[in-house]
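For ligands, and for the atoms within them, numbers begin at 1 and follow the listed sequence.
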Amino acid sequence: MIVLTLQLAGVALLAVFIVSIIKSSVRPANFPPGPLSLPLIGYVPFLDVRNMGRGFDKLSKRYGDIFSVFLGKAPCVVLNSYPMIMEAFSMKEFSGRPSIFSGTFFQKGKIGITTTEGTNWELQRNFFHNHMVELVQGKGTLGFQDLILDEVHDLKMDLAKRVGEPLPVSYRFNVSIINILWTIASGRRLHSQQQEFQSVYECIDKITQFMSRAAIMSFIPLLSRIVPERISKMEKGRYHRDRFLNISKKWIREHKEAYRGNRGADLQDAYLAKVEEKAESFSDDGLGALLREMFVVGAETQSTMLRWAVRILSVHKDVQRLVQDEMDELGGRNHDIVWEDRHKLHYTRATIAEVQRFADITPTGIPHKTVCDVDFHGFYLPKGTTVIPNFTACHQSPKYWKKPLDFYPEHFLDDNRKFIDNKEGFLPYGIGTRRCPGEDVANMALFLILANFLNTFSLRIPPGDKREIKTQYEAGTGFIRNPKAYKVILQERE
Ligand code: HEM
């Protein structure tokens, strides 16, 4: 009798469990298909949340290039091919942004560009994007180039003191990147020894570390309330967020005191001119959000890319040599490589693009959201659906890449060994309405820093290094793929 009761209880529990799974997996009518889900947490336990691109790729083999998966309680749509992402993200209907915990926590709400939508997003984004494009393509180009070359010069001087010893380069690269951003924002450089520089550096570092840990909370918000502080480090995250908020307020206060109209043409002056003319959606708080966003998003992405580049090239000495040969032909080692030289440095550009493809630092980008009901490829996506692009699927598709899993700069060279711009399958900055507005600045900075760095130094791996190129997830925003920590030996080229 007891056995029978236990058996019945077991069957009842199983039935409840199956029903709850079925109920939690119910999708809107005509929604893209996908796997069953667990209540509250969805399909998350079956995915590596720190490398979702790989997990999505496996699911696409079963469900096709567009499918859905529950991340937490809500079903998200995944776009798993280059044409699918291109098509959807070029449509305004897909230009929304879901509430991402790490983003709204860091900005204390929806403000700035990344977390906002609608008119505010459009106005802030257009202002910022135009300012960035002007720096690289407009009247300010030469001045901006000189500023980056000054940074490169200091970087090389610093590193020249450490030639021959195994060293981590990430801090030194961060200094250059933060200083470039700082000059865009304020029209002046900071010295890395200054207290203010150290505070900014620390805030960016701690905030990105916290956002990495908190990435999972974007999908399961309940975790932000139940995970103990010693694991979530929420208090520390809050402390550094507020500290950076106060720093940005101080910058604006000081800038306003010195402001005599938009004369300096730095980003703060240009923004304050908008505030003064009472332009819609421009305010001191908006400027603070933009500055913090520029530093956290812009610094982390570029520094991560530089760290990948140095690691990959120190392992691939053959590629390094070809890059250096190309630069030697151009003007020798005492020649500063300038932006205009990119038209002659085809192999160098192909190498940098291949670093971006191979490193794939934002495997699933930043999620989008539908801003209205959408019919797409025969499916119905209600307003508010989260849409995730799988960039890894593009960057590793054999359809576009001869050797998808290898580092192979020839991917970006045509039959005449000329650099291929706008290569199919290549989306390091996303595409369409939300495409990264910092792309031009990042491309120029990466080119000038890497080309001049390799024109001065050869990179070697330390003895005992196993030449592996691996990913580490401890640091970064959780949306960013970092290289595993490493050391490199620099040698001055003769
Ligand atoms: C190697 C460098 C960089 C990479 C790989 C990168 C990549 C990306 C990606 C994939 C997105 C998401 C696009 C989407 O939502 O569809 C993005 C957005 C964004 N990026 Fe970048 N980025 C880089 C550098 C920068 C820099 C230097 C800045 C600022 C100075 C910047 C500012 C932003 C902003 C504000 C957004 C949000 C755009 C929006 O929501 O409309 N990024 N970036």
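- With respect to the salt-bridge test (charged N to carboxylate O, under 4.0 angstrom), the residues Arg172 and Asp158 qualify.
- Of the candidates Ser303, Ala299, Pro437, the one placing a heavy atom closest to atom 36 (C) of ligand 1 is Pro437.
- Note: Thr304 OG1 to Asn174 CG = 8.0 Å, rounded to the nearest 0.5 Å.
- Considering backbone and side-chain atoms alike, Thr433 places every N or O at 3.5 Å or more from each N or O of ligand 1.
- A donor-acceptor contact closer than 3.5 angstrom is absent between the side chains of Thr370 and Lys383.
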message: Is there a side-chain hydrogen bond (donor to acceptor under 3.5 Å, both in side chains) between Asn80 and Tyr63? Walk through the geometry before answering.
response: CA-CA 10 Å; Asn80 210 70; Tyr63 298 104; over 6 Å; no
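- Close contacts of ligand 1 with Thr362, meaning ligand atoms under 4.0 Å from a residue heavy atom, involve 10 (C).
- Considering both main-chain and side-chain atoms, His368 comes within under 3.5 Å of ligand 1 through a nitrogen or oxygen pair.
- Atoms of ligand 1 found under 4.0 Å from any heavy atom of Ile113, numbered from 1 in the order shown, are 38 (C), 39 (C), 40 (O), 41 (O).
- From the protein, the heavy atom lying nearest to atom 37 (C) of ligand 1 is Thr114 OG1, 3.5 Å.
- The closest approach between any non-hydrogen atom of Val297 and ligand 1 is below 4.0 Å.
- Ranking the protein heavy atoms by distance from atom 26 (C) of ligand 1 puts Gly298 CA, 3.5 Å first.
- A salt bridge does not link Lys402 with Glu410: none of the charged nitrogens is closer than 4.0 Å to a carboxylate oxygen.
- In this structure, the ring of Phe105 has its center less than 6.0 angstrom from the ring center of Phe210.
- Of all protein heavy atoms, the one closest to atom 27 (C) of ligand 1 is Gln302 NE2, 3.4 Å.
- Judged by distance alone, the side chains of Arg481 and Thr471 do bring a donor and an acceptor atom under 3.5 Å apart.
- For atom 5 (C) of ligand 1, the candidate residues are Pro428, Gly438, Gly432; the nearest heavy-atom contact is made by Pro428.
- Protein heavy atom nearest atom 6 (C) of ligand 1, with residue, atom name and distance: Tyr429 CD2, 3.7 Å.
- Under 4.0 Å is where a charged nitrogen must lie from a carboxylate oxygen, and between Lys256 and Asp284 at least one such pair does.
- Side-chain contact annotation: Glu468 with Tyr486, donor-acceptor N/O pair under 3.5 Å absent.
- The option from Gly365, Ser95, Ala185, Cys436 that lies nearest to atom 42 (N) of ligand 1, judged by heavy atoms, is Cys436.
- Side chains of Arg292 and Ser248: a donor-acceptor N/O pair is present below 3.5 angstrom, by distance only.
- Of the protein's heavy atoms, Thr301 OG1, 3.3 Å lies nearest to atom 23 (C) of ligand 1.
- Interface of Met294 with ligand 1, defined as ligand atoms under 4.0 Å from a residue heavy atom, comprises 30 (C).
- No side-chain donor from either of His346 and Glu326 sits under 3.5 Å from a side-chain acceptor of the other.
- Looking only at protein heavy atoms, the nearest one to atom 29 (C) of ligand 1 is Phe128 CZ, 3.7 Å.
- Close N/O approach between Arg434 and ligand 1 is found [any backbone or side-chain N/O within under 3.5 Å].
- Among Met132, Glu122, Glu293, Arg125, the residue whose heavy atom lies closest to atom 41 (O) of ligand 1 is Arg125.
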